[in-house]
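These notes concern the structure reproduced below.
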Amino acid sequence: RRRERTFGFHNVVLLLRPPRLFFSRAESAGSIPARRIRRLFSFQRHLLSSRLLRGAPHLNPLHILDEDYCGQAKCMLEKVGSWNFEIFLFDRLTNGNSLVFLTFHLLNQYGLIELFQLDMVKLRRFLVLVQEDYHNQNPYHNAVHAADVTQAMHCYLREPKLAQSLTSFDILLGLLAAATHDLDHPGVNQPFLIKTNHYLAALYRNTSVLENHHWRSAVGLLRETELFSHLPVEDSIERQLGSLILATDISRQNEYLSRFRTHLDENDLCLGHASHRHFVLQMALKCADICNPCRPWELSKQWSEKVTEEFFHQGDIEKKHKLEISPLCDSEANTIASVQIGFMTYVVEPLFAEWARFSDTRLSQTMLGHLGLNKASWSALEPEASGSSEEGESEPGRATEEPSSRALSQGSQES
């Protein structure tokens, strides 16, 4: 796809030909400074995302971007804070650009573009590159999932406790972390990367492999676009962005959940402290990342089908190469219903029960209500799983503290 797009712009690039960005006949690639090569590729990538090449008048970039908010898509953005937001419909209405348009809209709605003096051409380019670096061939871990998580994060940021306490810097971090939290996801989980000796597993020493890669990929795009180069807090943004994305590692689920529960038991969360606000942002991102079972059934069911398709695809690869099949990835031994019931019981319910203790609002009760109804719907489709689910619920404390390895393995992919 990218090769086709680049070829389509080839003649335009040659016509524009900025003299300091292209090699002369007397120059060779080996003699060109690395910085100049980066400028060349950076310019070419910018051309692919620029709206100016469409012949639009050279106005304020915000107005140029606003031309894309048309008809039904614009109407949908007026209700972007609704928990029933139809992200799949929005993605179709934006021609597959839901992540770009939704994230830009939210940053503008919160006044962050003006407050942080963000160059809107750089911002647009950054968002386009982020969206392109998601793998749309992944049934689940793609740009639509990132847009869905970003929309959920927006809903949480509007909750009273957070809205009254978070700074604009916190909100900026939260939205960017949501949009980039699965950047360049390969569509397989960490154990698969480790057992196949993937270079990412070696690079990050088998620790939070995917999450480290998502974070570093996001930082790479921030530096390439120089989106925050004018701000003195650029390094702080990169570090805190990493802290948020790394919190989505499901293998550390109990660590974060236990800490959250302790804070709530002792009632010592003080959102006036930056460290406490950051921790709440981490928990909010964790909730947004795995909130699909808490959506209305029509949306939740679609996400369940997509994530299970991705599981089974990994299982097919493992079968083909005679590797041990990962838990929940064997299509002959699992169903969508059984996978979802286990995930809801051992991963989703404990997290959202604590979130409801922290933020006891209408939204929290709505999410728990959908979670219960969705679990019952899957149980009705999987009689055997229903019985095992009821057995698991008879010891809720144990289910929360000692989730099965199967559930955690599933969570490592679904998050």
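All residue numbers in this chain count up from 1 along the given sequence.
Here Thr150 contributes atom OG1 and His105 contributes atom NE2; the two are 13.0 Å apart, rounded to the nearest 0.5 Å. Atom-to-atom distance recorded for Asn136:CG and Asp133:CG is 11.0 Å, nearest 0.5 angstrom. To the nearest 0.5 Å, atoms CD1 (Ile113) and CG (Asn108) are separated by 4.5 Å. Rounded to the nearest 0.5 Å, atoms CZ (Arg252) and CD (Gln282) are 8.0 Å apart. For the atom pair SG (Cys155) and CG (Leu162), the distance works out to 12.0 Å, reported to the nearest 0.5 Å. Note that CD of Gln109 and CG of Leu102 are 9.5 Å apart. Values are rounded to the nearest 0.5 Å.
Here the side chains of Leu77 and Leu106 are not in contact, with every heavy-atom distance at 4.5 Å or above. Side-chain contact check for Lys319 versus Ser331: some heavy-atom pair is nearer than 4.5 Å. By the 4.5 Å heavy-atom criterion applied to side chains, Asn292 and Ser304 are not counted as neighbours. Contact check for Ile87 versus His145: no side-chain heavy atoms found under the 4.5 Å cut-off. Phe311 places none of its side-chain heavy atoms less than 4.5 Å from the side chain of Asn189. Leu193 is listed as a side-chain neighbour of Leu210, based on a closest heavy-atom distance under 4.5 Å. Counting heavy atoms from C-beta outward, Trp297 and His370 have side chains that stay 4.5 Å or more apart. Side-chain contact check for Ser243 versus Arg239: every heavy-atom pair is 4.5 Å or farther apart.
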Next on the checklist: Assess the residue pair Phe85 and Leu299 against the criterion (side-chain contact (heavy atoms from CB on, under 4.5 Å)); give the C-alpha distance rounded to whole Å, side-chain angles, the decisive distance to 0.1 Å, and a yes or no.
Outcome noted: CA-CA 9 Å; Phe85 190 80; Leu299 291 171; over 6 Å; no

Next on the checklist: Quick one, His135 with Asn142, criterion side-chain hydrogen bond (donor to acceptor under 3.5 Å, both in side chains). Give me CA distance, side-chain angles, the key distance, then yes/no.
Outcome noted: CA-CA 5 Å; His135 300 189; Asn142 51 41; over 6 Å; no

Item to check | Steps toward side-chain contact (heavy atoms from CB on, under 4.5 Å) verdict (Tyr134, Asp184) | outcome: CA-CA 5 Å; Tyr134 277 95; Asp184 198 33; over 6 Å; no

Checklist entry - Given Asn95 and Phe101, is the side-chain contact (heavy atoms from CB on, under 4.5 Å) satisfied, shown in steps? => result CA-CA 11 Å; Asn95 195 30; Phe101 295 142; over 6 Å; no

Checklist entry - For Phe343 and Ile290, what are the C-alpha separation, side-chain angles and deciding distance, and is it a side-chain contact (heavy atoms from CB on, under 4.5 Å)? => result CA-CA 10 Å; Phe343 182 58; Ile290 61 172; 3.9 Å; yes

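Listed for the Trp83 side chain is a donor-acceptor partner under 3.5 Å among the backbone atoms of Cys294. In this structure, the side chain of Thr94 engages the main chain of Asp91 through a donor-acceptor pair within 3.5 Å. Under the 3.5 Å distance criterion, the side-chain polar atoms of Thr308 are left unmatched by any main-chain donor or acceptor of Glu305. Asn334 places a side-chain N or O within 3.5 Å of a backbone atom of Asp330 that can act as its donor or acceptor partner. Without hydrogens or angle criteria, Thr207 side chain to Arg205 main chain gives a donor-acceptor distance under 3.5 Å. With hydrogens and angles disregarded, a donor-acceptor distance shorter than 3.5 Å links the side chain of Arg277 to the backbone of Leu271. Of the possible polar contacts, one joining the Gln302 side chain to the Glu298 backbone as a donor-acceptor pair under 3.5 Å is found. Here the side chain of Gln340 pairs no donor or acceptor atom with the backbone of Pro293 at under 3.5 angstrom. Ser208 places no side-chain N or O within donor-acceptor distance of the main-chain N or O of Glu211, the cut-off being under 3.5 Å. Put simply, the side chain of Thr225 gets close to the backbone of Leu221: a donor and an acceptor are under 3.5 Å apart.
The closest side-chain donor-acceptor pair between Gln314 and Ser326 falls under 3.5 angstrom. Glu310 and Asn138 share no donor-acceptor pair across their side chains, judged by distance under 3.5 Å alone. A side-chain donor from one of Thr167 and Asp170 sits under 3.5 Å from a side-chain acceptor of the other. No hydrogens or angles considered: a donor-acceptor pair under 3.5 Å links the side chains of Asp360 and Gln365. Of the N and O atoms on the side chains of Asn84 and Ser82, not one donor lies less than 3.5 Å from an acceptor on the other residue. Inspection of the Thr345 and Lys375 side chains reveals an N or O donor paired with an N or O acceptor under 3.5 Å. In this structure, a donor-acceptor pair under 3.5 Å is present between the side chains of Ser236 and Gln240. Side chains of Tyr140 and Asp182: a donor-acceptor N/O pair is absent below 3.5 angstrom, by distance only.
Closest of all the heavy-atom pairs between Lys286 and Tyr256 is CE-CB, 3.9 Å. A pairwise comparison of heavy atoms in Glu349 and Leu371 identifies CG-CD2, 3.4 Å as the closest pair. Between Lys122 and Ser229 the shortest heavy-atom distance is NZ-OG, 4.1 Å. The two residues Leu241 and Ala218 have their closest heavy-atom pair at CD2-CB, 4.1 Å. Contact detail for Leu257 and Leu351: the closest heavy-atom pair is CD1-CA, 3.9 Å. Phe192 and Ile317 get closest at one heavy-atom pair: CZ-CG2, 3.8 Å.
By the 6.0 Å contact criterion, CG on Asp265 is enclosed, its count of non-hydrogen atoms from other residues, nucleotides or ligands being greater than 12. Within 6.0 Å of CD on Gln137 lie more than 12 heavy atoms contributed by other residues, nucleotides or ligands. Counting non-hydrogen atoms of other residues, nucleotides and ligands closer than 6.0 Å to CG of Asp268 gives a total above 12.
Aromatic ring centres of His214 and His185: separated by under 6.0 Å.
The list of side-chain hydrogen bond (donor to acceptor under 3.5 Å, both in side chains) pairs with a residue in residues 153-166, not counting sequence neighbours, reads Tyr110-His154, Glu159-Ser359, Glu159-Thr361.
A search for ring-ring contact (aromatic ring centres under 6.0 Å, His included) contacts involving His276 returns His263, His273, not counting sequence neighbours. With sequence neighbours left out, the side chain to side chain donor-acceptor pair (under 3.5 Å) criterion links Arg92 to no other residue.
Taking the six-membered ring where tryptophan is involved, the planes of Trp355 and Phe260 are tilted, since the angle between them lies from 30° to 60°.
Under the 6.0 Å distance and 45° angle rule, Arg295 does not count as a cation-pi partner of Trp303.
Under the 4.0 Å criterion applied to side-chain N and carboxylate O atoms, Glu309 and Lys306 are not assigned as salt-bridge partners. A salt bridge between Asp119 and Arg125 is absent, with no side-chain N of the basic residue lying under 4.0 Å from a carboxylate O of the acidic one. The existence of a salt bridge linking Arg223 and Glu234 is excluded, since no basic side-chain nitrogen approaches an acidic carboxylate oxygen closer than 4.0 Å.
Tested against Trp378, the residues Val339, Leu373, Ile341 include a single side-chain contact (heavy atoms from CB on, under 4.5 Å) partner, Ile341.
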